[in-house]
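Quick notes on the structure that follows.
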2 protein chains.
Amino acid sequence: MFSRACQYGIRAVIYICGESQKGNKVGAKQISEKTGVPEPFIAKILQDLARKKIIGSTKGPTGGFFVDGRHQELTLKQLVDAIDGEELFTGCSLGLENCSEANPCPLHGEIKQIRLSIVRMLTQKSIKEFAEEVEKGETVLSRMIQT
Amino acid sequence: MFSRACQYGIRAVIYICGESQKGNKVGAKQISEKTGVPEPFIAKILQDLARKKIIGSTKGPTGGFFVDGRHQELTLKQLVDAIDGEELFTGCSLGLENCSEANPCPLHGEIKQIRLSIVRMLTQKSIKEFAEEVEKGETVLSRMIQT
DNA sequence: ATAATAGAGGATAATTTTATCCTTTATGAT
DNA sequence: ATCATAAAGGATAAAATTATCCTCTATTAT
């Protein structure tokens with residue numbers, strides 16, 4: 001469903017958002033530790049997101065990644081779009097180039113509903129809300145038993 | 001959502017099923033032409049499916065791929081399982097190894113419903129029914145304007 | 001029996017995705 | 001001003017996926 005880069009990106013940005021709520025910027029190393037994502041890989045992904053202004057970043061000591069007012073009501077949908085593109089939401093699920101209402105693939109009718117559900121999942125909560133759930137311990141971002 | 005191999009496989013098997021209803025076996029070349037899938041690639045995928053007894057195949061003149069009584073109520077779910085594995089249906093959508101009810105990832109609750117919808121889409125109709133829709137011209141398996 | 005046909009199987013390429021490393025640049029602490 | 005820190009950027013490597021090709025084997029038509 002999501003590429004690995006996208007899975008990593010989602011976990012990382014939810015974590016960053018949680019820390020940002022507490023006023024902390026976080027570095028790639030810390031993100032890697034807390035989300036179980038390989039450090040150089042997440043660094044690349046976040047570099048990309050920062051370039052696209054999906055998240056913020058600053059260099060130097062006390063620097064790191066963050067999400068602030070400018071990215072306030074950021075949703076996972078925007079994140080997925082930025083990392084994986086819109087293929088999941090707009091492309092034909094069977095790979096037909098010209099699949100459409102007039103020319104539907106066998107799954108065309110059904111997949112529409114599923115896509116709506118996916119979009120709903122990715123937009124009904126802001127990333128901030130997802131981060132709050134993690135803070136409350138209701139959900140987790142990495143394998144447990146980490147200090 | 002589905003790998004390219006899986007998209008190709010679904011299109012090919014629906015086509016094969018339609019021809020099988022008419023009593024025809026079809027070769028990789030014909031399948032390639034009718035579904036717009038690269039011939040050597042679909043040959044590999046189908047070879048695999050035949051080995052797994054998802055479809056049938058015979059060699060030699062008048063040979064080819066087919067689905068018969070033994071694969072009668074074959075569903076797309078079985079096909080997807082065979083080609084892409086069950087990751088889509090059972091793995092954590094954010095890639096957490098130990099995601100569970102007790103230890104849920106942020107999307108855990110929502111993704112369950114979506115998976116059910118996907119499974120429903122892939123099981124509520126048999127492949128034979130999908131093939132009938134194609135025969136009726138209600139749905140298509142490749143870009144249009146093919147003789 | 002022989003020849004032609006078509007899948008099986010194995011080897012190999014090409015491309016994309018995943019992952020890592022190293023140098024440069026910006027920034028904050030001192 | 002200097003130094004340490006951390007992201008940016010570019011190069012590279014490894015692995016997986018996608019795609020192709022060639023030989024072998026089974027089968028059918030003649």
Side-chain angles (χ1 to χ4, degrees), chain A residues 1-13 16 19-20 23-33 35-67 80 82-85 87-88 91 94-95, chain B residues 1-13 16 19-20 24-33 35-68 80 82-85 87-88 91 94-95:
Chain A
M1 175 156 283
F2 306 124
S3 71
R4 193 169 296 193
C6 192
Q7 296 176 337
Y8 289 168
I10 291 172
R11 282 152 61 184
V13 172
I16 293 166
E19 290 302 305
S20 287
N24 305 326
K25 278 172 258 173
V26 283
K29 187 176 176 192
Q30 185 180 346
I31 294 166
S32 167
E33 285 164 0
T35 63
V37 166
E39 192 199 321
F41 197 16
I42 196 58
K44 268 292 167 238
I45 296 163
L46 294 174
Q47 183 188 129
D48 223 76
L49 293 175
R51 198 159 31 203
K52 290 176 179 166
K53 312 289 186 195
I54 306 284
I55 61 175
S57 69
T58 62
K59 294 181 179 181
T62 77
F65 298 97
F66 60 92
V67 295
V80 172
I83 300 174
D84 277 351
E87 182 66 16
L88 177 63
L94 296 186
Chain B
M1 176 155 283
F2 305 123
S3 71
R4 192 169 298 192
C6 193
Q7 296 176 338
Y8 288 168
I10 290 171
R11 282 152 60 186
V13 173
I16 293 167
E19 290 303 305
S20 287
N24 305 327
K25 277 172 259 172
V26 283
K29 187 175 177 192
Q30 186 180 345
I31 294 166
S32 167
E33 284 164 359
T35 63
V37 165
E39 192 198 322
F41 197 17
I42 196 59
K44 269 292 168 236
I45 296 164
L46 295 175
Q47 183 188 130
D48 224 75
L49 293 175
R51 198 158 31 203
K52 292 176 178 166
K53 313 287 185 194
I54 305 286
I55 62 175
S57 69
T58 61
K59 294 181 176 181
T62 76
F65 298 97
F66 62 92
V67 295
D68 63 12
V80 173
I83 301 174
D84 277 351
E87 183 66 18
L88 177 63
L94 296 186

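These numbers come from a predicted model, not from an experiment. Labels below follow one simple rule: chain letters A, B, ... track the order of the sequence lines, proteins then strands, and each chain is numbered from 1.
The phosphate of D:dA6 (OP1 or OP2) has no side-chain N or O of A:Thr58 nearer than 4.0 angstrom. At D:dT18, none of the side-chain N or O atoms of B:Tyr8 fall inside 4.0 Å of OP1 or OP2 (strictly under the cut-off).
No more than 12 heavy atoms of other residues, nucleotides or ligands lie within 6.0 Å of NZ in A:Lys29, so this atom counts as exposed by the packing criterion.
Rounded to an integer number of Å, the gap from B:Ile42 CD1 to D:dC21 P is 16 Å. Distance CG (B:Asp84) to C1' (D:dT17): 11 Å, rounded to an integer number of Å. Atom CG of B:Asp48 and atom C1' of D:dT17 are 14 Å apart (whole Å). Atom P of nucleotide D:dT17 and atom CZ of A:Arg4 are separated by 9 Å, given to the nearest angstrom. Rounded to a whole Å, the CZ atom of A:Arg51 is 8 Å from the C1' atom of D:dG9. Remark: C1' of D:dA8 and CG of A:Leu46 are 12 Å apart, rounded to the nearest angstrom. Across the protein-nucleic acid pair, B:Ile83 atom CD1 and D:dT17 atom C1' stand 14 Å apart, rounded to whole Å. What separates NZ of A:Lys52 from P of D:dA8 is a distance of 14 Å, to the nearest Å.
Listed nucleotides D:dT5, D:dA8, D:dT18 differ in distance to A:Pro61; the shortest reach to its side chain belongs to D:dT5.
Along DNA chain C, the nucleotide nearest A:Pro40 and the nucleotide nearest B:Gly60 are compared for position; the residue whose nucleotide lies closer to the 5' end is B:Gly60. Position along DNA chain D of the nearest nucleotide to A:Gly64 versus A:Lys44 favours A:Gly64 as the more 5'-ward residue. Heavy-atom nearest nucleotides on DNA chain D were determined for B:Phe41 and for B:Lys25, and the one closer to the 5' end corresponds to B:Phe41.
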task = Dump the intermediate steps for side-chain contact (heavy atoms from CB on, under 4.5 Å) on A:Phe2 and A:Asp84, then the final yes or no.
result = CA-CA 7 Å; A:Phe2 306 124; A:Asp84 277 351; 4.1 Å; yes

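Within the 4.0 angstrom heavy-atom criterion, only backbone atoms of the sugar-phosphate kind lie near B:Val26; the bases stay farther away. Within the 4.0 angstrom heavy-atom criterion, no nucleotide atom of any strand lies near A:Ala43.
Here A:Lys44 does not pair with A:Asp48 in a salt bridge; the nearest charged N to carboxylate O distance is not below 4.0 Å.
The outermost nucleotides of DNA chain C lying under 4.0 Å from heavy atoms of chain B, listed 5' to 3', are C:dA4 to C:dA11.
In this structure, the side chain of B:Lys52 engages the main chain of B:Ala82 through a donor-acceptor pair within 3.5 Å. Remark: side-chain polar atoms of B:Ser32 are not paired, donor with acceptor, to backbone N or O of B:Ala28 under 3.5 angstrom. Remark: the backbone N or O of A:Gly23 is not paired with any side-chain donor or acceptor of A:Ser20 at under 3.5 angstrom.
Between the CZ atom in A:Phe65 and the CD1 atom in A:Ile42 there is a gap of 8.5 Å [rounded to 0.5 Å].
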